Amino acid sequence: MLLCLLCRPLHCIRAAGRPPSRSLMDLRELVAALNDFASPSLAESWDNVGLLVEPSPPHAVRTLLLTNDLTEQVMEEAVQKNADLILSYHPPIFAPLKRVTWRTWKERLVVRALEHRIGIYSPHTAYDAVPHGVNTWLSKGLGACTSVPLHPSTAPSHPTEGTHQVEFCADSTEQLDTVLSKIKDIPEIFSPNTSFLRADREEQTRVSLNCSQKALLEVVALLSQNSLLYHKTEILLLQKPLLPHTGMGRLCTLSEPASLSDIIERIKSHLKLPHVRLAMGTGKTLDSPVKKAALCAGSGSSVLKGTEADLYLTGKRLLEEGVTENHVLPQWSTVRSTPVKCQ
């Protein structure tokens, strides 16, 4: 999945195995390709994605190391294999660092990376959101099904700037010039334009502008000082369009219902795991039918909340207590207080 996005081949390393192709690529060029593959703007607001550590430019990347989690052991492996960039699915830097010393392991990661001129890039939830990303891949383990994002992503940039559009009409040039001169002093006003129209046999000037939520309050306060302008004002909320098949989590509808035991075997086969952990829903058995499954590559506590499904498939245990339906977790995940058993 990752290799196909690169315009030139690199020497990529996982924990084991070394594809033979070698070529150089500038770090900034490579980061641009990674961002095109899955825009960081698709990540959750709480996440920390993108290029986290950048050696001083220019920085050529010949060897790229892929890892799920960047630990100190993985960093030593990257040093030994002369990696120029580490792509870590989970961000090793999450909370802000107030200092970079040898005191904590995360600080040591940054020190080692800069000492050896190794960049660090993390996609995390941006890779969860894209149509060809982690959640879509996870849904394939359920069998034939259709899936839609539980929380669809919106377009990274709006077709027009601002969150609101304001339109109003002015009868006189003097009135219009006074208002426009004051509007120009308000920050976060975008794309102001005027047009002429004829209403009730009188010529009027229509003003249209885009603005932020903060600027909207100032614009309305200004227009409300003139009752004629205020009563000829229209405000539209500008919404970003949804991106099809893109977003957090997936709600999957199976083509044919299957028993819980069959679904478990499919998931184990897809993930190549000998066991998964199962929290059985109240009143459910392994023969209970599954028609709808809700999944999230992470814990899913916020993503799956309020979603009705026969099965919840997550990377970690749901944080809410009391599982009302079947809940399957990969064996490598961490389970807290919900009683589970391996299947």
Side-chain angles (χ1 to χ4, degrees), residues 1-134 137 153 156-157 246 297:
M1 179 177 69
L2 172 65
L3 297 183
C4 66
L5 70 93
L6 302 177
C7 57
R8 292 203 298 270
L10 295 170
H11 179 212
C12 284
I13 305 172
R14 297 183 186 233
R18 308 185 175 199
S21 58
R22 278 185 177 270
S23 181
L24 288 175
M25 194 171 185
D26 182 75
L27 175 62
R28 294 182 178 179
E29 182 184 358
L30 176 53
V31 168
L34 291 170
N35 291 344
D36 286 341
F37 178 71
S39 172
S41 64
L42 299 176
E44 294 282 71
S45 59
W46 47 261
D47 207 356
N48 188 34
V49 299
L51 185 62
L52 305 184
V53 174
E54 178 183 10
S56 58
H59 183 64
V61 179
R62 180 188 299 274
T63 301
L64 170 65
L65 186 139
L66 307 178
T67 183
N68 190 59
D69 293 286
L70 180 53
T71 63
E72 289 191 274
Q73 291 77 14
V74 173
M75 175 58 75
E76 290 310 309
E77 182 181 359
V79 171
Q80 293 170 12
K81 294 182 177 178
N82 297 315
D84 305 296
L85 178 67
I86 298 172
L87 191 150
S88 174
Y89 172 69
H90 289 116
I93 304 173
F94 198 82
L97 296 176
K98 294 184 177 181
R99 57 182 59 82
V100 180
T101 68
W102 204 248
R103 188 172 59 87
T104 68
W105 69 273
K106 291 196 174 185
E107 293 174 43
R108 291 194 292 271
L109 286 179
V110 177
V111 173
R112 293 290 280 164
L114 293 176
E115 282 179 340
H116 294 273
R117 293 187 57 76
I118 301 174
I120 301 174
Y121 184 98
S122 176
H124 201 205
T125 53
Y127 274 17
D128 295 346
V130 290
H132 41 281
V134 178
W137 171 79
S153 298
S157 59
T246 306

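When reading the values below, keep in mind they use all heavy atoms of this one structure, side chains included, and skip hydrogens, waters and symmetry mates. Given the structure is predicted, the values throughout are model-derived calculations rather than measurements.
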Anything under 3.5 Å between a donor and an acceptor, one on a side chain of residues 86-97, the other on a protein residue two or more places apart or in another chain? List them.
residue : atom : partner : partner atom : Å
Ser88   : OG   : Leu70   : N            : 3.4
Ser88   : OG   : His90   : O            : 2.7
Tyr89   : OH   : Asp128  : OD1          : 2.5
Tyr89   : OH   : Asp128  : OD2          : 3.2
His90   : ND1  : Asn68   : O            : 3.3
His90   : ND1  : Asp69   : OD1          : 2.8

For residues Pro123 and Val49, determine if any side-chain heavy atom of one lies less than 4.5 Å from a side-chain heavy atom of the other. no
Contacts of type side chain to side chain donor-acceptor pair (under 3.5 Å), residue [X], not counting sequence neighbours:
{"X": "Ser39", "result": "Ser41"}
{"X": "Glu115", "result": "none"}
{"X": "Ser45", "result": "none"}

If a pair satisfies salt bridge (charged side-chain N to carboxylate O under 4.0 Å, His left out) and one of its residues is in residues 40-55, list it, with sequence neighbours excluded. Arg28-Glu54
Does anything in residues 90-105 form a salt bridge (charged side-chain N to carboxylate O under 4.0 Å, His left out)? List the pairs, not counting sequence neighbours. Arg103-Glu107
Run Thr125 and Trp46 through side chain to side chain contact (heavy atoms under 4.5 Å, CB included) and show every step you take. CA-CA 10 Å; Thr125 53; Trp46 47 261; 3.8 Å; yes
From [atom1] ([X]) to [atom2] ([Y]), nearest 0.5 Å:
{"X": "Leu109", "Y": "Thr71", "atom1": "CG", "atom2": "OG1", "answer": "7.5 Å"}
{"X": "Glu29", "Y": "Leu34", "atom1": "CD", "atom2": "CG", "answer": "11.0 Å"}
{"X": "Leu52", "Y": "Ser122", "atom1": "CG", "atom2": "OG", "answer": "5.5 Å"}
{"X": "Leu65", "Y": "Ile118", "atom1": "CG", "atom2": "CD1", "answer": "8.5 Å"}
{"X": "Glu77", "Y": "Gln73", "atom1": "CD", "atom2": "CD", "answer": "10.5 Å"}

Under 3.5 Å, side chain of Arg108 to main-chain N/O of Trp102, donor-acceptor pair present?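 Here the side-chain-to-backbone pair exists.
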With respect to Leu30, which candidate in Asp84, Asn35, Val61 satisfies the side-chain contact (heavy atoms from CB on, under 4.5 Å) definition? Val61
Give me the atom names and distance for the closest heavy-atom approach of Arg117 to Pro58.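 Closest heavy-atom pair between Arg117 and Pro58: NH2-O, 3.2 Å.
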Shortest non-hydrogen separation from Thr63 to Lys81 and the atoms involved: CG2-O, 4.0 Å
